[in-house]
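This report refers to the structure that appears directly beneath it.
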Amino acid sequence: MKEIILIKDGELALKGLNRSSFEDMLVKNIRRRIKPFGNFEFRKSQSTITVSPMDDFADLDAATDEISRVFGIAGYSRAAVCEKDMDKICEIAPVYLYEQLSNAKTFKVEAKRSDKKFPLKSPEISATLGGKILEKFPHLRVDVRNPDITVTVEIRDEAYVRGNQLKGAGGMPCGSSGRALILISGGIDSPVAGYMMSKRGLDLVGIHFASPPYTSLRAEEKVHDLLSKVARYSGRIWLHTVPFTEIQEEIREKCPEEYFTIIMRRFMMRLSNMLAKTTDCHALITGESVAQVASQTTLALGCTDAVAEFPVFRPCIGMDKEEIITISRKIDTFNISIQPFEDCCTVFTPKHPKTRPHLPDIEEAEKVLDIDGLCQRAFEGIKRISITSEGVEND
Ligand code: ATP
Ligand code: MG
């Protein structure tokens, strides 16, 4: 019996004239993501994409698992391919869905007849197959409102028979909203922020600030592990690691302690601006949440934003830590995030940071620093690696 994957696209359905280009992008993304699992053929019509294996080597299970994490998909299911013949459909459906039908108490049949030449109308298809299923599974009851299993028959170029549809990853196809730079630390919040913005259709480029020897190599590897989890959804991420030690030491030496963190965060923004420009990114993403720490008060965020040259997306801004943690567990980053390695933010943390900083004071305090020179040197020291769901990719 030939099996395929049926995919229903998501919010795409709302996009009017752009719809077809969004769909093309979704197909391109799915194609790239399941390429490692064999040769597949893609077809799209009426907000459905069919993915058919081209030979016996194609790994349909692995492809289905990957598809569950591709953004832009509302729902997906496996389906049996069948001749467009009612007898054949009645023969295949009880066999193909044997386990699901055996375990269910109630069911209904839904028919979608895209091929208007098919001799039976939708209600007739449902009635015929429903009767057949009741014959073979006498324990079942029909429930049209809230059945345990909905058996769907779609009559297209071929007939497809499937059980319940699974919920897709939702959102928009990666790349359809452009590209943004995610400021990734080793914490809980920034990987979640990256995941959330990727879901809105952004391709991700990563930037991480490392301050060796104050921060360890293991802290950098932790960031690689986190991004590798995010890449399961977003696809490949190029991570740029910026040497941040000189900047932090200069701040510690020359600026008032209460401003350490906020001045450091402004340097992160300046370097992110520089990198965004050279990597074709049009927004910055951080994991900040109002009032979580001193540098995330309203006034502190304002001082940080004052140097940003791009919109700063902060999808966690209104979320409680618990809500952020729920997502981090879902995307499997939580257990990595809680490993104890120093981040550059925790080096030289002031004892009494200013929670209500005023921009002119900060700008005054920064005047003693050679801002351009510091940024230029850090920028020149950037190292770039490619991270996929498999981990760090070798060149
Ligand atoms: P997270 O859990 O994401 O580390 P946090 O609550 O610890 O966040 P901060 O350490 O103040 O908050 O950092 C706020 C945001 O700044 C982070 O979410 C991240 O986007 C960015 N950031 C912090 N440290 C780094 C770093 N070393 N490299 C890159 N970005 C960073
Ligand atoms: Mg942090």
Side-chain angles (χ1 to χ4, degrees), residues 32-33 35-36 65-66 69-71 169 174-175 179-199 202-245 247-248 264 267-268 271-272 274-276 278-281 284-288 313 315-316 324-325 327-347 378-395:
R32 192 176 45 222
R33 293 275 292 271
K35 202 170 165 208
D65 178 56
E66 188 68 28
R69 290 183 299 275
V70 174
F71 292 130
C174 291
R179 192 182 291 169
L181 187 62
I182 167 80
L183 283 75
I184 180 95
S185 67
I188 294 169
D189 309 331
S190 45
V192 169
Y195 160 82
M196 288 172 80
M197 295 320 299
S198 168
K199 185 170 180 177
L202 283 160
D203 270 334
L204 301 180
V205 174
I207 184 168
H208 174 68
F209 300 89
S211 297
Y214 305 103
T215 59
S216 64
L217 205 58
R218 193 61 197 86
E220 284 181 49
E221 284 165 5
K222 181 181 175 186
V223 169
H224 303 166
D225 293 346
L226 287 171
L227 281 185
S228 179
K229 292 289 185 188
V230 176
R232 292 165 76 229
Y233 294 88
S234 66
R236 168 185 291 107
I237 301 170
W238 285 98
L239 172 66
H240 302 74
T241 301
V242 185
F244 208 46
T245 316
I247 290 175
Q248 286 200 289
M264 178 193 75
F267 271 96
M268 286 187 178
L271 280 151
S272 299
M274 292 165 81
L275 185 62
T278 58
T279 53
D280 198 29
C281 288
L284 311 179
I285 305 169
T286 78
E288 287 159 313
F313 293 157
C316 301
I324 301 172
I325 287 175
I327 300 180
S328 79
R329 285 191 199 278
K330 177 179 134 177
I331 63 173
D332 207 19
T333 51
F334 183 73
N335 285 323
I336 303 171
S337 293
I338 57 175
Q339 290 169 9
F341 297 105
E342 290 282 293
D343 183 62
C344 71
C345 285
T346 46
V347 191
F379 194 74
E380 280 160 13
I382 285 180
K383 295 221 158 51
R384 188 181 90 142
I385 56 171
S386 159
I387 296 179
T388 69
S389 56
E390 304 283 308
V392 176
E393 244 186 2
N394 293 317
D395 279 340

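Worth saying up front: this structure is predicted, and the values here are computed from it rather than measured.
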Atom CG in Leu226, atom CD1 in Ile237: separation rounded to 0.5 Å? 10.0 Å
Side-chain donor/acceptor of Ser198 to backbone N/O of Gly194, under 3.5 Å: no
Would you confirm whether Arg179, through its side chain, and Val205, through its main-chain N or O, come within 3.5 Å as a donor-acceptor pair? no
Closest non-hydrogen atom pair, Gly287 against Asp189: O-CB, 3.1 Å
First locate atom CZ of Phe313, then atom CG of Leu202, and finally report the distance between them rounded to the nearest 0.5 Å. 6.0 Å
Give me the atom names and distance for the closest heavy-atom approach of Ser337 to Lys222. O-NZ, 3.0 Å
I need the Arg236 CZ to Arg33 CZ distance, nearest 0.5 Å. 11.5 Å
Show me, pair by pair, the donor-acceptor contacts under 3.5 angstrom made by side chains of residues 227-235, not counting sequence neighbours?
{"from": "Ser228", "atom 1": "OG", "to": "Thr388", "atom 2": "O", "distance (Å)": "3.0"}
{"from": "Ser228", "atom 1": "OG", "to": "Ser389", "atom 2": "O", "distance (Å)": "3.2"}
{"from": "Ser228", "atom 1": "OG", "to": "Gly391", "atom 2": "N", "distance (Å)": "3.4"}
{"from": "Lys229", "atom 1": "NZ", "to": "Asp332", "atom 2": "OD2", "distance (Å)": "2.8"}
{"from": "Ser234", "atom 1": "OG", "to": "Val230", "atom 2": "O", "distance (Å)": "3.3"}

Sub-4.5 Å side-chain heavy-atom contact between Cys281 and Leu275: no
Any idea which heavy atoms bring Asp203 and Gly175 closest together, and the distance? OD2-CA, 3.5 Å
Measuring from atom CZ of Arg329 to atom CD1 of Ile324, what distance do you get when rounded to the nearest 0.5 angstrom? 13.5 Å
Is a side-chain donor or acceptor of His208 paired with a backbone partner of His240 at a separation under 3.5 angstrom? no
Minimum heavy-atom distance between Ile327 and Val192, given as atom pair plus value: CG2-CG1, 3.8 Å
Going by side chain to side chain contact (heavy atoms under 4.5 Å, CB included), Ser272 matches just one of Leu183, Ile285, Thr286, Ile182. Which one? Leu183
Should Pro191 and Ile184 count as side-chain neighbours, where that means a heavy-atom distance under 4.5 Å? yes
With a 6.0 Å cut-off (strictly less than), is the heavy-atom count around CD of Gln339, excluding the residue itself, greater than 12? yes
Full working for side chain to side chain contact (heavy atoms under 4.5 Å, CB included) between Tyr195 and Lys330: CA-CA 11 Å; Tyr195 160 82; Lys330 177 179 134 177; 3.1 Å; yes
At their closest point, which heavy atom of Val223 faces which heavy atom of Leu239, and how far apart are they? CG1-CD2, 4.0 Å
When rounded to the nearest 0.5 angstrom, what is the spacing between CZ in Phe71 and SG in Cys174? 6.0 Å
Rounded distance (nearest 0.5 Å) linking atom CD1 of Ile247 with atom OG of Ser211: 8.5 Å
When the aromatic ring centroids of Phe244 and Tyr214 are compared, is their separation below 6.0 Å? no
With the side chain counted from C-beta on, respond yes when Thr245 and Pro212 share a heavy-atom pair under 4.5 Å apart, and no when they do not. yes
Minimal heavy-atom distance between Thr215 and Ala210, with the atoms involved, is OG1-C, 3.8 Å
Between Ile385 and His224, is there a side-chain heavy-atom distance shorter than 4.5 Å? yes
Option passing side chain to side chain contact (heavy atoms under 4.5 Å, CB included) with Val242 (candidates Phe209, Phe267, Phe379): Phe209
Carefully, step by step, assess Ile188 and Ile325 under the rule side chain to side chain contact (heavy atoms under 4.5 Å, CB included). CA-CA 7 Å; Ile188 294 169; Ile325 287 175; 4.2 Å; yes
